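This report refers to the structure that appears directly beneath it.
All values derive from a computational prediction rather than experimental measurement.
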Amino acid sequence: MLEKISAASVNSYGQDPAIEELSPPIRPQDEVLLRMRCGALNFADLLQARGEYQERIQPPFVPGLEGAGEVLEAPEGSGLIAGDRVAVCYPGTLAQIIAAPRDACLKIPDRMSFEQAAGFQIAYGSSHLALTGLARLQPDETLVVLGAAGGVGLTAVEIGHALGARVIGVVRGADKLQTVTDAGAEMAIDSAECTDLRAELRKAGGVHVVYDPVGGMSGKQAFGALRRGGRFLVIGFASGTPPELPLNHALVKNIAIHGFYWGGYRELNPTALRQSLEELFALFDKGKLTPVAGEILPLSRLADGYEMLRSRKAVGKILISM
């Protein structure tokens, strides 16, 4: 056990986390003590540091929503023992040692690295549960993914392809096009060079499902390309604003608009969430999913990771090694 641990700390809203030396936590009787090896950054981390996330945490707090590491101690009868490799989804993962509830920990396949596991649950979980549950994506349907080269968007491309859909990925910047096609997109569009996304998608045959973690004008234009009976998934607003969707069109064309917050499923339907994750780990073990790390940074460079989130320059997940 380390006498002192390094941990990130958000000490006030509007500032990047500081790196501090802290005493390691004492394990509550019913929780698991973990030596974290890698954490992942999500857009939600940026919003939390600003005080703008839907689930506000008062500073000071340790940021991070997911990661991976080794079990140091576990409650008797938990099914975990010291040395087990697990992915964890719980607030405060950007510290070398944390305590987390048993149900926040999942054993990871032997062939999965800590780096792959660290950013797997939220991104892949969001895409899988949204596409298979709410959107009911079918083989041979057309799925358009906005922000397709981002940490969440890239997983939607992979999973859509694995489900047999025709995937169109929308990115900003020609340098990201190849990454999206390598992940399984049949077609990739550079929004920086596309003057009318709605027209481009209609020309490509229209869309059955829109997966939108971006919002803004891109979301509104993609909505306009939906076919009758289409489904629009509201995943997030990386652009800074929600899309202004014309509800009269939703009515006339029988379009379903689904808001999807993966974290909310811990209370709404925890069984569906866990089953989804187990299916995803099985798909990984079969070689059907390949997590892409956008950048792996040491904890000392956490501020650089937050800047990459702000600038939306990352391809894949931003990971923090510990």
*Using atom types as modelled and distance alone, determine if a side-chain donor or acceptor of T132 lies under 3.5 Å from a backbone N or O of H128.*
yes
*Would you say the side-chain atoms of E73 pair up with the backbone N or O of R27, donor to acceptor, closer than 3.5 Å?*
no
Check ion pair [X]-[Y] (N to O, under 4.0 angstrom):
| X | Y | value |
| --- | --- | --- |
| E66 | K317 | yes |
| R37 | E70 | yes |
| K4 | E21 | no |

*SG on C194 to CG on L201, rounded to 0.5 Å*: 7.5 Å
_Nearest 0.5 angstrom please: Q221 CD to L146 CG, how far?_
10.0 Å
*Going by distance alone, is a donor N or O of one side chain under 3.5 Å from an acceptor N or O of the other, for S12 and Q15?*
yes
_Holding to ring-ring contact (aromatic ring centres under 6.0 Å, His included), I want the full list of residues that pass it with F260, two or more places apart in sequence or in another chain._
Y265
*Listed partners of F232 passing ring-ring contact (aromatic ring centres under 6.0 Å, His included), at least two apart*: F223
_Steps toward salt bridge (charged side-chain N to carboxylate O under 4.0 Å, His left out) verdict (D16, R50)_ = CA-CA 9 Å; D16 287 340; R50 294 173 180 167; over 6 Å; no
*For atom CD of E52, is the number of surrounding heavy atoms from other residues, nucleotides or ligands below 6.0 Å larger than 12?*
yes
*Any chance CG of N248 has more than 12 other-residue heavy atoms, nucleotides or ligands included, within less than 6.0 Å?*
yes
*Given side chains that start at C-beta, do those of P25 and I5 come closer than 4.5 Å, heavy atoms only?*
yes
_Could you walk me through whether D182 and Q178 satisfy the side-chain hydrogen bond (donor to acceptor under 3.5 Å, both in side chains) test, starting with their C-alpha distance in whole Å, then the side-chain angles of each, then the deciding distance to 0.1 Å, before giving a yes or no?_
CA-CA 6 Å; D182 288 345; Q178 190 61 50; 2.8 Å; yes
*Between F281 and F120, does the ring centre distance come in under 6.0 Å?*
yes
*Are E141 and R166 close enough, and set up right, to give a salt bridge (charged side-chain N to carboxylate O under 4.0 Å, His left out), and what steps lead you there?*
CA-CA 6 Å; E141 286 191 323; R166 174 192 179 223; over 6 Å; no
